[in-house]
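Working notes for the structure below.
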Amino acid sequence: MLEEAKLLDDDYDERVEKRSWGTSIEVSGIHYATSLFWQPLQNKDDPFQEVEEASEGVLEGADLFCIKPGKAPQFGICVSHEGYKKGQNVAAVSLATALSDKASFVAVFKVDEGWWYTCIRNDIILSDGDMLFLNEEDAKNQFVSMLAVPDWGRKICPPEWGLEETESVDLASLLNKGLKAKLQKIKALRGAKLLMVVVLSAVVGLWLLSSLFDKLFLTPKVRPMVVPVQPKVIPKVQEIPEVKPWEKINDSTQLMTECYNGIQSLVTVLPPGWEIGGLSCSQGGIVTSWSMKLGRLSWVDKALEESGIVFSGKAYSDNGSSVTVTVPLNPIAQIASPPMMGDIDLKNHINDLFQSIGQGIALSNGSFTSPQKKIYKFINFRFSSRYNPLVWNDLLTKFSGLEIKNIKYTPTNETWDYEGIIYAN
């Protein structure tokens, strides 16, 4: 939620220590970018317009991107002053191409920087399927929640977790086998624009050389006139006031309503012999999949076409036994919601409120440092409930500085999982 900012290495290190996620890992001496925001790519021959539109809407301020090729091409975007660098290898692309024989897999790898979680469903990197967690519990909870989705080709996690039907794989060997895709500038000059700039530069260069030759050899010398020099007045540079993060955050009420309505529409799509899996909703849209228990691919195809739902992405497995879709949300309004409490009082207040209604909740401290080196604190929260977002809306929006990050729904047990942050003074 940023552009052309440059940070010193120690500024970046300090910020990474204070937030709950990271941007890069080092494997066998090679640095890989992680935690990109992934979107379906419609026009793989000319992706730049789609990428630029996403940098102005889906992830405002994004200035770097990467393309994931394959049967379901995607692009990932990120913001350079979060710690990303042009030319950096992208871990998710290397892993996806290394495991291209498996259309769907979910994995967590223990690395020096934390726990890298990645989730690919029918060759699509999910919108929250590329995340470097700095906290092991967060990574494990995310991994376990995805195990409820059926038909994974592979399930990979650290062996010390002791989870059944999972395996442990060496990350370095996988990344070495995969494609080495690199981050590029979103607004770099390419193709015809680049050729035009080169031609114009050449014309200007020739004009300058001609002017210089004329002045040196053809223009008669004129005796210089000496005049008093006025003292130069240097205008004061006015510092642009910093936009605090809570002055422009997603309207949580609208996001919860959009997620609820979209999920309700999707769970009513009931192709004969097909079963819907878990549904995940964030600002980027809703992602879910259906898997075949019996029947034919044409049955689910017809059900999706007749549902009246607009899909921004749709991908089928190689054997036609599952399909993954992405449904966009209506644009979420940006609002100002300044925090009202300090982090300690806020955490105590949340705990007391949830204890009073008998609802468990997991809280953790978080913060990040702005380009102006100002630290902003927030409280991460996560909880599961049988109640839908419309029920929780009135209670959660009592907290100023609230921002919902993700809502998941598991139809098999009718459970809703909520994740978000609340800013503190």
Side-chain angles (χ1 to χ4, degrees), residues 1 15 17-22 35 114-115 117 127-128 131-146 148 244-260 263 278-284 286 332 335-368 375-410 413 415-425:
M1 297 188 276
R15 183 174 60 186
E17 291 176 359
K18 294 180 178 295
R19 65 187 177 194
S20 60
W21 55 278
S35 306
W115 290 262
Y117 163 81
S127 58
D128 59 349
M131 182 65 67
L132 175 59
F133 289 99
L134 305 182
N135 181 280
E136 182 176 9
E137 183 183 356
D138 292 342
K140 189 172 183 179
N141 289 340
Q142 182 75 8
F143 180 80
V144 172
S145 69
M146 293 307 295
K244 298 178 175 61
W246 54 76
E247 292 178 348
K248 194 177 181 182
I249 60 178
N250 294 327
D251 184 344
S252 295
T253 295
Q254 184 187 355
L255 180 61
M256 286 191 285
T257 302
E258 290 282 339
C259 286
Y260 175 74
I263 289 174
L279 300 96
S280 177
C281 180
S282 64
Q283 184 189 2
I286 306 172
I332 306 299
I335 63 171
S337 182
M340 305 298 292
M341 303 182 191
D343 54 344
I344 296 176
D345 290 339
L346 178 59
K347 186 182 290 187
N348 290 338
H349 187 69
I350 296 171
N351 278 325
D352 183 67
L353 179 60
F354 274 71
Q355 288 167 5
S356 69
I357 60 176
Q359 170 67 51
I361 187 170
L363 304 178
S364 62
N365 291 321
S367 68
F368 71 89
I375 297 174
Y376 295 95
K377 298 180 180 179
F378 53 81
I379 301 296
N380 294 294
F381 68 84
R382 179 187 292 109
F383 66 91
S384 298
S385 169
R386 301 296 294 272
Y387 295 110
N388 66 54
L390 300 186
V391 176
W392 281 105
N393 177 59
D394 289 340
L395 187 144
L396 291 178
T397 53
K398 292 181 182 294
F399 297 98
S400 296
L402 168 74
E403 187 165 23
I404 300 294
K405 295 295 186 181
N406 191 265
I407 297 175
K408 294 180 181 178
Y409 178 65
T410 307
N413 58 12
T415 300
W416 298 82
D417 295 295
Y418 301 87
E419 295 181 30
I421 63 174
I422 304 175
Y423 286 100
N425 284 329

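Numbering of residues begins at 1 and proceeds along the displayed sequence. From a predicted model like this one, the values you see are computed outputs, not experimental measurements.
Under the 4.5 Å side-chain criterion, counting only non-hydrogen atoms from C-beta, N380 is not in contact with D138. By the 4.5 Å heavy-atom criterion applied to side chains, K244 and Y423 are not counted as neighbours. Side chains of S337 and L402 form no contact here, defined as non-hydrogen atoms less than 4.5 Å apart. Y418 has its side chain out of reach of I404: every pair of non-hydrogen atoms, C-beta onward, lies at least 4.5 Å apart. With a 4.5 Å cut-off on side-chain heavy atoms, E403 and Q283 do not count as touching. Using a 4.5 Å heavy-atom threshold, the side chains of Y117 and W21 count as separate. At least one side-chain heavy atom of I379 sits less than 4.5 Å from a side-chain heavy atom of N365. No side-chain heavy atom of R382 sits less than 4.5 Å from a side-chain heavy atom of Q142.
Remark: the S282 side chain and the N406 side chain contain no N/O donor-acceptor pair separated by less than 3.5 Å.
Note: N425 CG to M341 CE = 9.5 Å, rounded to the nearest 0.5 Å. Atom CD1 of I286 sits about 5.5 Å away from atom SG of C259, to the nearest 0.5 Å. Here Q359 contributes atom CD and Y387 contributes atom OH; the two are 9.0 Å apart, rounded to the nearest 0.5 Å. The CG atom of N393 sits 10.5 Å away from the NZ atom of K398 when rounded to the nearest 0.5 Å. Here the OG-CZ distance, from S367 to F378, works out to 6.5 Å after rounding to the nearest 0.5 Å. We find the OG-NZ distance between S364 and K347 to be 7.0 Å, quoted to the nearest 0.5 Å.
Within 6.0 Å of CD1 on I344 lie no more than 12 heavy atoms contributed by other residues, nucleotides or ligands.
When all heavy atoms are compared, the tightest approach of W392 to S385 is NE1-OG, 3.0 Å. What you find for W115 and A139 is that their closest heavy atoms are CB-CB, 3.5 Å. The two atoms that bring I263 and L279 nearest to each other are CG2-CD2, 4.1 Å, heavy atoms only.
With sequence neighbours excluded, the residues forming a side chain to side chain contact (heavy atoms under 4.5 Å, CB included) with I361 are I350, N351, F354, L363, F381, F383, listed by chain and number.
Judged by distance alone, the side chain of T415 and the main-chain N or O of T410 form no donor-acceptor pair under 3.5 Å. Of the possible polar contacts, one joining the N141 side chain to the E137 backbone as a donor-acceptor pair under 3.5 Å is found. In terms of modelled atom types and a separation under 3.5 Å, the side chain of S400 and the main chain of P339 share no donor-acceptor contact. In terms of modelled atom types and a separation under 3.5 Å, the side chain of N388 and the main chain of V391 share a donor-acceptor contact.
A salt bridge is absent between D128 and K405; no separation between the charged side-chain nitrogens and carboxylate oxygens falls under 4.0 Å.
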*Could you check Q254 against I335 for side chain to side chain contact (heavy atoms under 4.5 Å, CB included), going step by step and ending with a plain yes or no?*
CA-CA 11 Å; Q254 184 187 355; I335 63 171; over 6 Å; no

